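What follows is one structure encoded as structure tokens, with my remarks underneath.
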Amino acid sequence: KQGCLVLILGFLLAACSGTAPIQPEVSTSPAPLTLASIQQAIIKADQLEWRARFARYIELTSQLYSIGEIFSASSLIERVNPQQLSDQEFLKYTVIASKLSIVNQSIFGTYDLLTADRLMGLWEQLSQDQQLLLRRYRAEVFSQIGDIERSINERIALNSLLTDSLDITE
């Protein structure tokens, strides 16, 4: 009887002290962006209904820009009709299209984007980071076309945003 008890205790201890199986590490970070992966996503986006397709093109344009594929990003953003975008999509479009326009040194294209009536009507819906970026671009564009007064006004607004940002973080 005592031998059975020792045997049972031995089995229990062995079962309890066993190590759990080792689980392979699963990466939770997204796969790195590559031109090939983005091109595949563009092919899939081409099949979407126009609203979803335009929204996806804007996302993919940002991804192309982030990996330095400026020509491809510029070509893709041209497929988007900004008049057909929702307000939030239009703001995203304006931010990435402005970045590309600046990089491509298209001063008048940037001017048209950054002075559009629709953008001015939606300005308050921009995040603070977006406002900072677009104010900086506007100041530069106004300076380059010789509209010094508007450039100075943008720099004053930019300084005000930066000061407000510092007040919030302190």
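Treat the numbers as computed from the prediction; the structure is a model and nothing was measured. Heavy atoms only: backbone and side chains are in, while hydrogens, waters and symmetry mates are out.
Members clustered with I148: I152, I156, by chain and number, using a 4.5 Å side-chain heavy-atom cutoff among hydrophobic residues. Residue L48 is found outside any hydrophobic cluster, as its side-chain heavy atoms come under 4.5 Å of no other Ile, Leu, Val, Met, Phe, Trp or Tyr. The hydrophobic cluster containing F71, built from Ile/Leu/Val/Met/Phe/Trp/Tyr side-chain heavy atoms closer than 4.5 Å, comprises no other residue.
Considering every non-hydrogen atom in both Y57 and A45, the closest pair reads CE2-CB, 3.9 Å. Across all non-hydrogen atoms, the minimal contact from P82 to F90 is O-CD1, 3.8 Å.
Among residues two or more places apart in sequence or in another chain, the ring-ring contact (aromatic ring centres under 6.0 Å, His included) test is passed with F54 by W50. With sequence neighbours excluded, the residues that form a side chain to side chain contact (heavy atoms under 4.5 Å, CB included) with Q39 are L35. Under the side chain to side chain contact (heavy atoms under 4.5 Å, CB included) criterion, T34 pairs with A36, S37, sequence neighbours left out. Applying the side chain to side chain contact (heavy atoms under 4.5 Å, CB included) test to E149 and every residue at least two apart in sequence or in another chain returns D147, N153.
Judged by distance alone, with hydrogens and angles left aside, the side-chain atoms of Q130 form a donor-acceptor pair with the main-chain N or O of S127 at under 3.5 Å. For Q125 (side chain) and Q88 (main-chain N/O), no donor-acceptor pair under 3.5 Å exists by modelled atom type.
The distance from the CG atom of L60 to the CD1 atom of I96 is 11.0 Å, given to the nearest 0.5 Å. The CD1 atom of I42 lies 9.5 Å from the OG atom of S75; values are rounded to the nearest 0.5 Å. With rounding to the nearest 0.5 Å, the separation of OG in S143 from CD1 in I107 is 9.5 Å.
In this structure, I145 and F108 have side chains that are in contact, with non-hydrogen atoms separated by less than 4.5 Å. Within the 4.5 Å cutoff, no side-chain heavy atoms of I77 are placed close to those of L64. The closest side-chain heavy-atom distance from T94 to L126 is not below 4.5 Å.
For the salt bridge (charged side-chain N to carboxylate O under 4.0 Å, His left out) condition, the pairs that include at least one residue of residues 119-138, sequence neighbours left out, are R135-E154, R138-E154. Applying the salt bridge (charged side-chain N to carboxylate O under 4.0 Å, His left out) test to every pair with at least one member in residues 60-71, sequence neighbours left out, gives no pairs at all. Applying the side-chain hydrogen bond (donor to acceptor under 3.5 Å, both in side chains) test to every pair with at least one member in residues 96-117, sequence neighbours left out, gives these pairs: S74-N104, S101-T110, Y111-R150. Each salt bridge (charged side-chain N to carboxylate O under 4.0 Å, His left out) pair with one or both residues in residues 50-63, not counting sequence neighbours, appears once here: R56-E59. The salt bridge (charged side-chain N to carboxylate O under 4.0 Å, His left out) pairs that include a residue from residues 74-96 are D46-R79, D87-R118, E89-K92, where partners are two or more places apart or lie in different chains.
There is a path of hydrophobic side-chain contacts, each under 4.5 Å, that joins M120 to L114.
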Take I38 and L76 through the side-chain contact (heavy atoms from CB on, under 4.5 Å) test and state the conclusion after the steps. CA-CA 11 Å; I38 296 170; L76 184 58; 5.7 Å; no
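Only one option out of L113, L100, L119, L134 pairs with V95 in a side chain to side chain contact (heavy atoms under 4.5 Å, CB included); it is L134.
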